[in-house]
Amino acid sequence: MLDTKALFDADPISHATLPLPIDLRDGAQVVTYDSDGNRQVLREGTNHIECVTRDEATGFTRCGHKSLSAQSDFRAKLSAQGMSFMEVSSAVVEAREKGEIPATNYGSMIYRLYEEDDRLKLLWVVYLPDATAEELGMSLAPQRDQSLAGLGRPWMMREGTPSAHLMIPINSTALSN
């Protein structure tokens with residue numbers, strides 16, 4: 001199994017790009033945030049992807065389309081104020097719905113890595129603003145427990161809202177549950 005913690009210490013750029021498909025890693029921009037939530041670019045990108053180094057407060061390493069940068073900056077500022085992960089997530093949804101941060105493009109991807117056993121480790125998320133499970137033929141049945149066992153299948157969350165998205169657990173890799 002890959003020692004991701006050692007990789008984070010040795011090479012934060014390679015670590016930050018781990019959630020991505022291999023073909024997107026080399027060109028991804030990599031950023032981090034200081035304790036005040038200010039953006040610092042570790043590596044300029046040559047493609048359309050931006051990765052954020054592991055957030056020590058949440059344990060998440062995230063990558064996504066560069067159009068999600070404003071959302072990442074907003075998250076970092078709220079986290080720096082001491083808000084919990086759930087508070088930050090709720091604030092992001094509210095800010096997006098109020099137009100305070102740009103709406104997420106239909107079909108935008110988030111690639112997420114988490115390195116403990118209590119959550120999905122490798123998860124890809126497809127944003128589908130305002131979509132419903134019925135119109136797209138998606139399941140609404142949560143797959144968290146099956147995914148923790150390495151048997152997860154995709155499911156839709158927050159259907160019919162601006163934050164609707166498809167959760168895709170990535171199984172059978174060195175980074176998976």
Side-chain angles (χ1 to χ4, degrees), residues 1-35 37-80 83-86 88-89 92 104-105 107-128 142-157 163 165-177:
M1 177 164 257
L2 181 62
D3 185 352
T4 56
K5 290 178 172 106
L7 180 58
F8 176 77
D9 292 336
D11 185 358
I13 291 172
S14 291
H15 181 274
T17 63
L18 280 176
L20 292 173
I22 291 170
D23 64 308
L24 295 176
R25 290 179 183 173
D26 286 343
Q29 177 163 293
V30 179
V31 302
T32 191
Y33 292 92
D34 67 18
S35 60
N38 297 311
R39 169 184 284 263
Q40 300 174 337
V41 177
L42 298 179
R43 180 179 79 185
E44 292 290 339
T46 59
N47 65 20
H48 52 281
I49 300 294
E50 177 175 277
C51 296
V52 179
T53 59
R54 183 175 60 216
D55 179 336
E56 293 301 325
T58 65
F60 294 131
T61 301
R62 297 176 190 261
C63 300
H65 192 272
K66 287 182 179 178
S67 66
L68 298 171
S69 295
Q71 179 177 302
S72 294
D73 293 349
F74 186 71
R75 275 184 177 284
K77 291 287 186 186
L78 297 178
S79 293
M83 292 177 76
S84 71
F85 172 74
M86 292 307 293
V88 169
S89 294
V92 167
T104 306
N105 294 335
S108 291
M109 294 285 296
I110 292 285
Y111 306 89
R112 191 196 78 192
L113 177 65
Y114 183 79
E115 298 168 71
E116 302 299 328
D117 291 329
D118 61 326
R119 289 182 180 253
L120 300 180
K121 289 185 175 187
L122 189 56
L123 178 71
W124 293 358
V125 178
V126 182
Y127 281 104
L128 304 165
Q143 295 289 314
R144 180 188 180 278
D145 292 343
Q146 295 89 329
S147 297
L148 288 173
L151 304 171
R153 301 290 182 259
W155 79 98
M156 184 178 221
M157 292 182 66
S163 298
H165 58 277
L166 178 64
M167 305 279 278
I168 306 171
I170 306 301
N171 302 315
S172 303
T173 76
L175 300 172
S176 302
N177 295 71

Residues at least two apart in sequence or cross-chain that pass side-chain hydrogen bond (donor to acceptor under 3.5 Å, both in side chains) with His165, listed by chain then number, are none
So side chain to side chain donor-acceptor pair (under 3.5 Å) across residues 40-49, not counting sequence neighbours, yields none
One should read off an interatomic distance between Met83 CE and Arg75 CZ, to the nearest 0.5 angstrom, of 10.5 Å
For Asp118, the side-chain hydrogen bond (donor to acceptor under 3.5 Å, both in side chains) test, sequence neighbours excluded, returns Tyr114
d(Ser163 OG, Leu128 CG) to nearest 0.5 Å is 11.5 Å
>> Evaluate Thr61 against Leu18 for side chain to side chain contact (heavy atoms under 4.5 Å, CB included), listing each step before the verdict.
In response: CA-CA 8 Å; Thr61 301; Leu18 280 176; over 6 Å; no
Scanning both residues in full, the closest heavy-atom pair of Ser72 with Val52 reads OG-CG2, 4.0 Å
Closest non-hydrogen contact found for Cys63 with Leu20 is CB-CD2, 3.5 Å
Verify side chain to side chain contact (heavy atoms under 4.5 Å, CB included) between Leu68 and Glu50, making sure each step is shown before the conclusion. CA-CA 8 Å; Leu68 298 171; Glu50 177 175 277; over 6 Å; no
Tightest non-hydrogen contact, residues Ile49 and Lys66, listed as O-CE, 3.6 Å
In this structure, OG1 of Thr17 is separated from CG of Asp26 (nearest 0.5 Å) by 7.5 Å
Ser14 backbone acceptor or donor facing Arg25 side chain under 3.5 Å: no
Exercise. Please step through side chain to side chain contact (heavy atoms under 4.5 Å, CB included) for the pair Arg112 and Val125, ending with a clear verdict.
Key: CA-CA 8 Å; Arg112 191 196 78 192; Val125 178; 5.8 Å; no
Could you go through His15 and Arg54, starting from their C-alpha distance and side-chain angles, then the distance that decides it, and tell me whether this counts as side chain to side chain contact (heavy atoms under 4.5 Å, CB included)? CA-CA 8 Å; His15 181 274; Arg54 183 175 60 216; 3.9 Å; yes
Taken in chain and number order and not counting sequence neighbours, the residues that satisfy salt bridge (Lys or Arg N to Asp or Glu O under 4.0 Å) with Asp73 are Arg39
Shortest non-hydrogen pair, Asn171 vs Ser147, comes out as OD1-O, 4.4 Å
Practice problem: Please examine the side chains of Tyr127 and Ile110, heavy atoms only from C-beta on, and report whether any two atoms are closer than 4.5 Å. | Solution: yes
The salt bridge (Lys or Arg N to Asp or Glu O under 4.0 Å) partners of Asp117 (sequence neighbours excluded) come to Lys121
The reported gap from CG in Leu122 to CD1 in Ile168 (rounded to nearest 0.5 angstrom) is 11.0 Å
Using modelled atom types and a 3.5 Å cut-off, is there a donor and acceptor pairing between side-chain atoms of Arg144 and backbone atoms of Leu120?
no
Residues passing the side-chain contact (heavy atoms from CB on, under 4.5 Å) test with Met109, sequence neighbours excluded, are Tyr111, Trp124, Val126
Nearest heavy-atom contact between Pro12 and Thr53 is O-CG2, 4.2 Å
Nearest heavy-atom approach of Ser35 to Ala80 is O-CB, 3.3 Å
Contacts of Asp23 meeting side-chain hydrogen bond (donor to acceptor under 3.5 Å, both in side chains) (sequence neighbours excluded), chain-then-number -> none
The side-chain hydrogen bond (donor to acceptor under 3.5 Å, both in side chains) partners of Ser108 (sequence neighbours excluded) come to none
